[in-house]
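Remember, it's 1-based here, ligands and their atoms both numbered in the order they're listed. Because only heavy atoms are used, hydrogens play no part in the values below, and waters and symmetry mates are left out as well, while side chains stay in.
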Amino acid sequence: MRESWQRRFAEAPDVLLEARRRRTIVPVRNLAVGGDDFVTMAGPCSVESEHQLMATAYCVRDAGARILRGGAFKPRSSPYSFQGLGLEGLKLLAKAREETDLAIVTEVMSECDVPLVAEYTDILQIGSRNMENYALLEAAARSGRPILLKRGMMATIADLFRSAQVILANGNPNVILCERGIRTFETAMRNTFDAAGIVLLKQVTHLPVIADPSHAAGFRELVPALARTGIAAGADGLLVEVHPDPDKAWSDGEQSLDFAGFAGMMAGLEPWIALRGAALREEKLEQPDSTNRRLAEVMA
Ligand code: PEP
Ligand code: MN
């Protein structure tokens, strides 16, 4: 690895690919995140009701998602917005898992809630606003659950690595990084999707990387193209917001796909995911750039 990166990321030595030589594959129920399989996590921004969650769970499963997402504790931009159903939301997620056999990912916002949320979920999500909450990271790490660590909206890659290092240093090797867009001078979209960041993460770390095109874009029309971009950049999976009636969603409706939109996106991603699989088999997970080369060959 380039010496300048070694210097830049010196405070997160265990995160770097060199430290392990092998890529981390995170076991989640009967799945492996970061291995050969491309893993899509999808579901509503917030758990709103049993009907909303169950309908969405069946839709995303039938379209190919393997993990159901849904917030029970919501960090909202406005303090007056819906804050989540809390325990009732966790119970609905557990019910959805039982009925559909999908694994669950949900956010934990406070270190006090870690034991409760960990009891219900397969993956603990640390949200963008909490990426540098080290007390929360330590508590989440010690729960032993895999952790989906979302990049802070104003965090550099070095900041993201320091947070991942906190989790690894607290004895939890199962960290999944998530690029969800960062704040830049551009305001046309909710955030700026750092596709180059995904390329870099895959080159310098051994951790799985998930792309979240929904929070990156802020608008559903952009989500399928950003999902394809994420795959081409080397992501191991996606995190996508889906709602039965996005215009009536209690949070993040504008960026949520409806059922037909999600199924259409997933069908359209199939050739991209197949190319990724072929590239990985050929290069034994070492060079995400090979996906792009293969795409270029196909397009030529
Ligand atoms: C979410 O996943 O719904 C969420 C709140 O994400 P972020 O922390 O990336 O804003
Ligand atoms: Mn959301």
Under 4.0 Å to a heavy atom of Gly127 - the qualifying atoms of ligand 1, by number: 8 (O)
Nearest-contact summary for atom 6 (O) of ligand 1 - protein heavy atom, Å: Lys150 NZ, 2.9 Å
Least distance between heavy atoms, Phe193 atom then Ala211 atom: CZ-CB, 4.0 Å
Inter-residue atom distance Met131.CE - Leu136.CG, 0.5 Å rounding: 12.0 Å
Within-shell test, Cys45 vs ligand 1, heavy atom, strictly < 4.0 Å: yes
Residues that Glu11 engages under salt bridge (Lys or Arg N to Asp or Glu O under 4.0 Å), provided they are two or more places apart: Arg162
Note, Met41 side chain near Val28 side chain (heavy atom, < 4.5 Å): no
Taking atom 2 (O) of ligand 1 as the reference point, the nearest protein heavy atom with its distance: Arg69 NH1, 2.7 Å
Where at least one partner belongs to residues 53-68, residue pairs that pass side chain to side chain donor-acceptor pair (under 3.5 Å), sequence neighbours excluded: Tyr58-Glu99
Test side-chain hydrogen bond (donor to acceptor under 3.5 Å, both in side chains) applied to Asp212 and Arg180, Lys150, Arg69, the passing residue: Lys150
Sub-4.5 Å side-chain heavy-atom contact between Ile126 and Leu137: yes
Proximity to ligand 1 by part of Met153, non-hydrogen separation under 4.0 Å: neither
Give the table of side-chain donor-acceptor pairs shorter than 3.5 Å for residues 217-225, with sequence neighbours excluded, one pair per line with atom names and distance.
unit_1 : atom_1 : unit_2 : atom_2 : d
Arg220 : NE     : Ser256 : O      : 2.7
Arg220 : NH2    : Asp247 : OD1    : 3.3
Arg220 : NH2    : Gly253 : O      : 2.9

Check: Asp252 N/O within less than 3.5 Å of ligand 1 N/O: no
Which of the ligand 1 atoms, numbered from 1, are nearer than 4.0 Å to a heavy atom of Gln125: 1 (C), 2 (O)
Within-shell test, Lys74 vs ligand 1, heavy atom, strictly < 4.0 Å: yes
CG on Leu17 to NZ on Lys202, rounded to 0.5 Å: 9.0 Å
Closest protein heavy atom (residue, atom, distance) for atom 4 (C) of ligand 1: His215 NE2, 3.3 Å
Nearest non-hydrogen protein atom, atom 10 (O) of ligand 1: Arg180 NH2, 2.8 Å
Identity and distance of the protein heavy atom lying nearest atom 8 (O) of ligand 1: Ser128 N, 2.8 Å
Cluster check Leu148, Ile167: I/L/V/M/F/W/Y, side chain < 4.5 angstrom: no
Protein N, O or S within less than 2.8 Å of the Mn ion (ligand 2), waters excluded: Cys45 SG, His215 NE2, Glu241 OE2, Asp252 OD2
For Glu241, the ligand 1 atoms whose distance to one of its heavy atoms is below 4.0 Å: 1 (C), 3 (O)
From His243 atom NE2 to Asp258 atom CG, the distance as rounded to the nearest 0.5 Å: 11.0 Å
Test: Asp159 and Arg151 ion pair at under 4.0 Å: no
